Amino acid sequence: MNPSVEILFQDTIKKYGQGITPGEILKESPLTNRSEIVAAELNGKQIDLYAPITESGELRFVSVNTPKGVEILRHSTAHIMAQAVKEIFPDVKVTIGPAIQEGFYYDFDSPRPFTPEDLEKIENRMKEIIKSKLPFRKVVLPREEAIRYFQELGENYKVELIEGIDADEVSLYSQGDFTDLCRGPHIPGSGAVKAFKLTKVAGAYWRGDERNQMLQRIYGTSFPSKEELKLYLELLEEAKRRDHRKLGKELDLFSISEEAGPGMVIWHPKGAMLRYLIEEFERKEHLKRGYQMVVGPQILKRELWEKSGHFDHYRENMYFTTVDDIDYGIKPMNCLSHMIIYKSRIRSYRDLPIRYFELGTVHRHEKSGVLHGLLRVRQFTQDDAHILCSPDQLNDEILGIINFVKDVMAIFGFEYTMELSTRPEKSIGSDEDWERATSALETALKTLDCAYEVNEGDGAFYGPKIDIKLRDALARSWQCATIQCDFTLPERFGLTYVDSDGSRKRPVMIHRVILGAVERFLGVLIEHYSGAFPLWLSPVQVIALTITDRTDSYAREISEKLRDHEIRVEEDLRNEKIGFKIREARNLKIPYMVILGDKELETRSIAVRKRGQESTITVGLEEFIDSLNQEIRMRSF
RNA sequence: GCCCACGUAGCUCAGUAGGUAGAGCACUUCCUUGGUAAGGAAGAGGUUCACCGGUUCGAUCCCGGUCGUGGGCUCCA
């Protein structure tokens, strides 16, 4: 019998001789985007365009303009980079080079670090490789043979990788003289790379383990077209413009002083105002939802941290101090005093749920290398709450928290993703507890129709959790809110309540934050709004600009009246031209300028210029105040 | 904590084959009273180039260390 395969493609089945390749089928297909095709899928499995087909099935093509296609393109670009690196630096050893979210990287073991000049050289060599349109070839070798092959080349990392693969055969891809261990698939040839750029060098541990050898990682990216690459690079530029560290300085919001200490934020008047506004907002929102405000001490005796388990598990991240020969731990979390409040009297099931809220300032000794502007600091304030409830209240409580998060994020205009993390290998608590808590979290997510991902085994050792990650204006995500169930602390601290039958029961504790840390949230918020805060959050809402000093007293009168209506207003009475004052007010992104000259003085009016607009409108002060108040109430952007 | 890069006036940055440093903005004073994105002039400002050591007749520049910042890695109870 003549071996043949039946291929379903675009709703029709056709017979081909065995060994036909997707590339050949593509050539005779009526597809109009043939030049975009980088790989194929046979029965849902990705294969190379030049791979002989040996089984029947449904064939699809993968365009470079799809997420799957661009991943293949980037992965192949990483191989081309490795080829260039090996050609220029033969004594470098290759390790791994996957595609990642926005590009690719490849880790090398190099006797000396790469320099920016090296990157340029590598880029140039890559361009030559691409120009010469080298075909990619796939070879399948028995495992042992592949190990021998890489052993001879001295590529011990590859040998280690293959030794870890549980299969009889492994696939190798070559282009030119370069061969790499790889599952594939790959683009048909180096000519398919249209637009790439190497972006940075960095250190990275072999297999991501800090006990291992530090490797040299080169990051790059690759796009189907030059235009897309350009757009991406422009996005990076935009990100730099929005960087909260840059805007924090320009708008005079905060500083981090070497003198004071790394990871310690110093809030300047405008930044402190921003914080105050956020905190006021939070207090109100929590009171509305039945939380009680509490305040605990900044340092608590060391024994208490031993009792909670923090001393055993978290000591490295804590600060300690000794006063009158007594050891204290500076709090890295707020839960302990909340539990002391709970324990201060006997609780009935009628008291539950109890929701304690604290804008709690904590200190954590984060490793020096991880500090980053406002997003990772050593002292920060959490909008922290601990909910103590009976097991059957868990569902409603979690539902309430998720709704809280949804409401708040809508006000700021954030998009977000949710992740449910389940029981890790090392954990404490009974199966029943874990099941109940996990299902409570899951039920709430489903009830509220939330899209979420599950991270199996990624929960805390004391309970499952939901993490909410914000997407900022540049589609980067930041972990802010988190909801964690805890079975340990109520146990360790002997928390109980008296149930309806008179028996003592153990409450469940939920740790949760909505914004996370005020510092981090503000950092993300600054970038989200690009420093142009909505009126209700603007540290300065209105600035009064005078044209000549003839209107100085009128300006003072106007701003005083605005201040009487709790509008945050500044005056610019400097001996400068109006164009100059407007330019500065624009740079400071103040929502409203009120321009005051002889004309306005004469008619007792004001000329209002709104942020983002070129022209002014002349109105009466009362009318202006009314519209400001309305905008503030709406919290609109 | 690890790898790499960087650290010059309040800010953004230039500079020196190693001979004790400059611009713009900001600041002060004066002139200018000007209607929608930078009016003009003068002045002051660095305990001398993050800090500490070393090499040198001499170091901001070379070498070593420390601290800090940035990009990554790891971590993020």
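The shown structure was predicted, so the numbers you read here are calculated from the model rather than taken from an experiment. In what follows, chains carry the letters A, B, and so on, assigned in the order in which the sequence lines appear, proteins first and then strands, with residues in each chain numbered from 1.
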When the [atom1] atoms of [M] and [N] are compared, how many Å lie between them, rounded to an integer?
N     : M     : atom1 : result
B:A17 : B:G58 : C1'   : 16 Å
B:G71 : B:G64 : P     : 25 Å
B:C51 : B:C67 : C1'   : 7 Å
B:C31 : B:U36 : C1'   : 24 Å
B:G22 : B:G46 : P     : 13 Å
B:G24 : B:A41 : P     : 11 Å
B:C11 : B:G70 : P     : 15 Å
B:U16 : B:A23 : C1'   : 16 Å

Practice item. Answer with yes or no after comparing the ring centroid distance for A:Phe114 and A:Phe89 against a 6.0 Å cut-off, counting only values under it. Key: yes
Check your understanding: Mind checking whether A:His75 and A:Phe104 have ring centres under 6.0 Å apart?
Key -> no
Could I get a table of every N or O pair under 3.5 Å where one atom is in the protein and the other is in nucleotides 64-67 of chain B?
none

The side chain of [X] is closest to which nucleotide in this list: [options]?
X        : options             : value
A:Lys599 : B:G35, B:C11, B:C73 : B:G35
A:Gln216 : B:C75, B:G35, B:C3  : B:C3
A:Met214 : B:C3, B:C4, B:U36   : B:C3
A:Lys249 : B:U36, B:C11, B:U74 : B:C11

Exercise for review: On RNA chain B, check which nucleotide each of A:Glu210 and A:His313 is closest to and give me the residue with the more 5' one.
Suggested key: A:Glu210
Point to revise | Toward the 5' end of RNA chain B, by each residue's nearest nucleotide, A:Glu366 or A:Asp243 | key: A:Asp243
Practice item. With sequence neighbours left out, write down each residue that passes side-chain hydrogen bond (donor to acceptor under 3.5 Å, both in side chains) with A:Asp549, or none if nothing qualifies. Key: none
Tell me whether [X] is salt-bridged to [Y], with the criterion being a basic N under 4.0 Å from an acidic carboxylate O.
X        : Y        : value
A:Arg241 : A:Glu527 : no
A:Arg423 : A:Asp431 : yes
A:Glu584 : A:Arg574 : yes
A:Asp118 : A:Arg112 : yes
A:Asp327 : A:Lys301 : no

Review point. Among residues 197-205 of chain A, which residues get a heavy atom nearer than 4.0 Å to RNA chain B?
Key: A:Lys200, A:Ala202, A:Gly203, A:Ala204, A:Tyr205
Review point. Where along residues 295-308 of chain A does a heavy atom come under 4.0 Å from RNA chain B, residue by residue in number order?
Key: none
Taking only residues two or more places apart in sequence, or in another chain, which ones meet [X] in a side chain to side chain contact (heavy atoms under 4.5 Å, CB included)?
X        : value
A:Pro490 : A:Asp486, A:Leu495, A:Arg506, A:Met509
A:Lys93  : A:Asp109, A:Glu155, A:Asn156, A:Tyr157
A:Ser559 : A:Arg563, A:Val569, A:Glu571
A:Tyr319 : A:Met264, A:Ile330, A:His363, A:His365, A:Arg378

Check the distance between [N]'s [atom2] and [X]'s [atom1] and give it to me in whole angstrom.
X        : N     : atom1 : atom2 : value
A:Leu236 : B:G71 : CG    : P     : 13 Å
A:Leu251 : B:G10 : CG    : C1'   : 17 Å
A:Gln213 : B:C73 : CD    : C1'   : 13 Å

Considering every strand and a 4.0 Å limit on heavy-atom distances, what is the contact class for [X]: base, sugar-phosphate, or nothing?
X        : value
A:Gly579 : sugar-phosphate
A:Gly208 : sugar-phosphate
A:Tyr105 : nothing
A:Glu259 : nothing
A:Arg609 : base
A:Thr115 : nothing

Point to revise | Atom CD of A:Glu250 with >12 non-hydrogen neighbours under 6.0 angstrom | key: yes
Practice item. Take atom NZ of A:Lys197 as the centre, draw a 6.0 Å sphere, and report whether it contains more than 12 heavy atoms from other residues, nucleotides or ligands. Key: no
For nucleotides 24-34 of chain B, tabulate all protein N/O to nucleotide N/O atom pairs closer than 3.5 Å, reporting atom names and distance.
from	atom 1	to	atom 2	distance (Å)
B:U32	N3	A:Asn575	OD1	3.3
B:U32	N3	A:Asn575	ND2	2.8
B:U32	O4	A:Asn575	ND2	2.0
B:U33	O2'	A:Arg550	NH1	3.0
B:U33	O2	A:Asp549	N	3.1
B:U33	O2	A:Asp549	OD1	3.3
B:U33	N3	A:Asp549	OD1	3.2
B:U33	N3	A:Asp549	OD2	2.8
B:U33	O4	A:Asp549	OD2	2.8
B:G34	N7	A:Ile547	O	2.5
B:G34	O6	A:Ile547	O	3.3
B:G34	N1	A:Asn575	OD1	3.1
B:G34	N2	A:Asn575	OD1	3.2

Check your understanding: Angle class for the A:Tyr462/A:His511 ring planes (parallel below 30°, perpendicular above 60°, tilted otherwise)?
Key -> tilted
Review point. Relative to the ring of A:Tyr232, is the ring of A:Phe223 parallel (under 30°), tilted (30 to 60°) or perpendicular (over 60°)?
Key: tilted
Check your understanding: With respect to the phosphate group of B:C76, does any side-chain polar atom (N or O) of A:His365 fall under 4.0 Å of OP1 or OP2?
Key -> no
Review point. Can you find a side chain N or O atom of A:Arg112 that sits less than 4.0 Å from OP1 or OP2 on B:C3?
Key: no
Review point. So A:Ile122 and A:Ile88, side chain to side chain contact (heavy atoms under 4.5 Å, CB included) or not? Walk me through it.
Key: CA-CA 7 Å; A:Ile122 296 164; A:Ile88 301 171; 4.2 Å; yes
Review point. Partners of A:Arg556 by salt bridge (Lys or Arg N to Asp or Glu O under 4.0 Å), sequence neighbours excluded?
Key: none
Practice item. Can you check whether any acceptor in the base of B:C75 is under 3.5 Å from a donor in the side chain of A:Arg376, or vice versa? Key: yes
Revision key, fill the gap. Dot-bracket for RNA chain B, 5' to 3', Watson-Crick and G-U pairs with both distances under 3.5 Å, [ ] for crossing pairs, | for partner on another strand, reads (((((((..((((.....[..)))).(((((.......)))))......(((((..]....))))))))))))....
Revision key, fill the gap. Residue pairs meeting salt bridge (Lys or Arg N to Asp or Glu O under 4.0 Å), one or both in residues 207-216 of chain A, sequence neighbours left out, come to A:Glu160-A:Arg207, A:Asp209-A:Arg211, A:Glu210-A:Lys367
